[in-house]
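Below you'll find the structure, written out as structure tokens, and then a few comments.
Values below: all heavy atoms of this structure, side chains included; hydrogens, waters and symmetry mates excluded. In what follows, residues are counted from 1 in the order of the sequence shown.
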Amino acid sequence: MTRKNYIGHARSALAVSFFKSGWLLVAVLPLTQLGGRALFNITAGIFAVWGLLSLWGHHRSLERATTLLYLAVLGVFLLGIPGAIDPAGGLRIWAGFLAPSLAVLLVQAALWKSPNALDRLLSAIALFGGITLVGLYLQLPYYVLELSGQPFDPKIQLREDLLPFLLPFFLGWIWQHGNGVRRYWSMASVVIAVLAYVVLSEGRAALLGAIIALIVFSRLVLGWRLRWTITLAAAALSIAIIANTGPFRRSTLDPEHPLNGFTSGRTALWQQALAHPPERPWVGVGLGNGRYATNILGFELNSVHIQVQHLHNFLLDAWYETGLLGVGTLVVFIGAVFWRVARKWNQLSLPDRQKAGILLAATLAIIAAALLSFSYTSRYFACLFICFGALIYLTADFNKASDGMTKATA
């Protein structure tokens with residue numbers, strides 16, 4: 001066997017194994033959050049390299065317009081790195097953004113290989129997400145009993161950020177596989193488990209994301225009327241407020257600026273950023289270099305100076321680090337995916353609408369939380385691209401037979 005034939009055979013074997021089951025490695029990414037950033041980066045790196053080597057010859061299955069927009073995002077994000085304070089750090093963060101975000105392409109390609117591939121993806125995310133939820137609760141005694149030697153601080157030690165993203169997948173799996181009254185009790189139990197952890201963590205961004213996920217899921221998947229959907233959201237918010245009023249008492253920390261207290265200084269950060277835009281307005285200060293803008297990342301709250309690492313709003317973070325070009329391209333890419341879904345919605349079969357509803361609920365939960373918490377380069381935001389890949393596949397201009405979730409209610 002010649003060297004050329006050997007390389008071709010090896011590449012073919014890699015592609016077969018990737019599209020058979022290796023692509024589902026992306027469903028493990030939420031679980032790796034329990035092991036920290038390093039485990040997430042290693043898993044995402046393996047997925048990206050394996051997927052890129054396997055994508056050769058399968059790129060024709062990718063939707064052209066969104067693929068070009070995604071590649072434009074990657075390219076524009078690089079523009080501000082030359083001349084940044086830490087260009088090497090910017091390149092590392094760009095690579096960290098690239099690896100998991102490639103799911104928008106690799107998931108698309110994988111879903112075309114089998115008619116039941118999307119069901120496998122949804123079930124895999126629900127499975128590994130369920131393991132993640134159990135793992136989070138198993139860690140609680142370690143922190144609450146202070147076995148780590150550190151005082152219990154839920155805002156720092158608990159990891160609630162991905163639960164709103166996972167919630168629609170839990171509910172979708174139960175809705176598909178459950179029966180009768182037991183199905184509703186199971187769904188209610190999962191909602192309570194997720195909300196209880198979120199409330200305990202005092203994560204208001206995650207709480208908002210969970211409520212958005214419930215609204216979208218109940219409306220698009222369960223087919224509830226709008227008034228019942230709003231009632232569910234109001235009930236969830238009321239229970240959360242009653243169970244944990246601490247975040248709402250923070251408005252008294254700064255009597256002269258109660259909004260700053262209520263938002264834990266977020267509004268102060270945003271005002272400072274808007275008042276002091278980056279010196280390079282079109283390309284920003286460089287990917288990942290926003291943390292060096294200490295003049296806008298510090299604020300006073302109750303006579304205490306607090307310094308943070310980013311602006312706690314993914315759009316403002318993207319604007320400051322990648323400029324108008326970066327945030328504009330990112331918004332156009334996200335908008336293009338939503339536009340495809342809106343334009344093709346009435347053409348989807350009922351099962352495909354339900355699957356799209358799950359994906360949209362998870363997507364909007366991430367976006368809502370990212371407007372108040374994590375940045376666009378975080379490993380939490382990266383899970384967005386899994387949903388985008390599946391949504392682009394669902395709205396492709398081909399007829400697809402669908403099975404599965406047909407249990408809709410009026």
Side-chain angles (χ1 to χ4, degrees), residues 37 41 68-102 104 161 205 254 257 259-260 262-301 304-338 366-385 388:
R37 181 176 294 276
N41 288 340
L68 291 176
L69 283 173
Y70 168 70
L71 295 177
V73 169
L74 295 179
V76 171
F77 278 7
L78 286 170
L79 295 179
I81 293 179
I85 294 176
D86 182 13
L91 284 174
R92 286 195 299 270
I93 292 176
W94 183 85
F97 175 85
L98 169 68
S101 70
L102 280 170
V104 74
D161 290 302
D254 190 347
H257 304 91
L259 185 59
N260 287 345
F262 179 75
T263 61
S264 299
R266 286 176 175 84
T267 50
L269 288 174
W270 302 339
Q271 290 169 1
Q272 290 173 177
L274 294 173
H276 302 87
E279 293 183 0
R280 298 183 296 174
W282 290 105
V283 298
V285 300
L287 195 72
N289 280 254
R291 64 184 182 274
Y292 296 111
T294 55
N295 59 316
I296 67 169
L297 293 177
F299 59 93
E300 301 290 329
L301 189 62
V304 176
H305 182 77
I306 299 175
Q307 196 75 27
V308 295
Q309 295 294 312
H310 62 94
L311 293 170
H312 288 266
N313 180 293
F314 83 96
L315 291 176
L316 289 179
D317 280 325
W319 162 67
Y320 203 85
E321 293 186 349
T322 66
L324 294 173
L325 289 176
V327 70
T329 308
L330 179 62
V331 169
V332 169
F333 168 68
I334 294 173
V337 177
F338 286 137
I366 284 286
I367 289 177
L371 288 171
L372 297 173
S373 181
F374 43 83
S375 185
Y376 67 107
T377 57
S378 72
R379 58 190 188 274
Y380 309 115
F381 192 83
C383 293
L384 196 72
F385 294 91
F388 281 171

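Of all the heavy atoms in Phe97 and Thr377, the pair that sits closest is CD1-CA, 4.3 Å. For Ile93 against Gly288, the heavy-atom pair with the smallest separation is CD1-CA, 3.4 Å. Counting all heavy atoms, side chain and backbone alike, Gly284 lies closest to Pro278 at CA-CB, 4.2 Å. Between Leu325 and Val283 the shortest heavy-atom distance is CD1-CG1, 4.4 Å.
Looking at Arg291 and Asp86, their side chains come closer than 4.5 Å, going by heavy atoms from C-beta outward. Using a 4.5 Å cut-off on side-chain heavy atoms (C-beta onward), Leu316 and Leu274 make contact. Between Phe338 and Ile367 there is a side-chain heavy-atom pair separated by less than 4.5 Å. Between Leu269 and Ile296 there is no side-chain heavy-atom pair separated by less than 4.5 Å. Side chains of Leu297 and Leu311 form a contact here, defined as non-hydrogen atoms less than 4.5 Å apart. Within the 4.5 Å cutoff, side-chain heavy atoms of Val327 are placed close to those of Leu315.
Aromatic ring centres of Tyr70 and Phe388 lie farther apart than the 6.0 Å criterion allows.
At distances below 3.5 Å, not a single donor-acceptor pair connects side-chain atoms of Arg280 with backbone N or O atoms of Gly323. Remark: side-chain polar atoms of Thr322 are not paired, donor with acceptor, to backbone N or O of Trp319 under 3.5 angstrom. A side-chain donor-acceptor contact under 3.5 Å links Gln272 to the backbone of Gly298. Using a distance-only test at 3.5 Å, with no hydrogens or angles considered, a donor-acceptor pair links the side chain of Trp94 to the main chain of Leu74.
From Phe77, atom CZ reaches atom CG of Leu330 across 5.0 Å, with rounding to the nearest 0.5 Å. Considering CD1 of Ile366 and CZ of Phe314, their distance stands at 10.5 Å, rounded to 0.5 Å. From Asp161, atom CG reaches atom OH of Tyr380 across 4.5 Å, with rounding to the nearest 0.5 Å. To the nearest 0.5 Å, atoms CZ (Phe333) and CG (Leu71) are separated by 9.5 Å.
The salt bridge (charged side-chain N to carboxylate O under 4.0 Å, His left out) check on Arg379 picks up nothing, with sequence neighbours excluded.
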Can you list, pair by pair, the side-chain donor-acceptor contacts under 3.5 Å of residues 368-375, counting residues two or more places apart and other chains?
unit_1 : atom_1 : unit_2 : atom_2 : d
Ser375 : OG     : Asp317 : OD2    : 3.3

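Ring geometry for Phe381 versus Phe385: interplanar angle over 60°, hence perpendicular rather than tilted (30 to 60°).
Residue Gln307 qualifies as enclosed at atom CD: its count of foreign heavy atoms under 6.0 Å is above 12.
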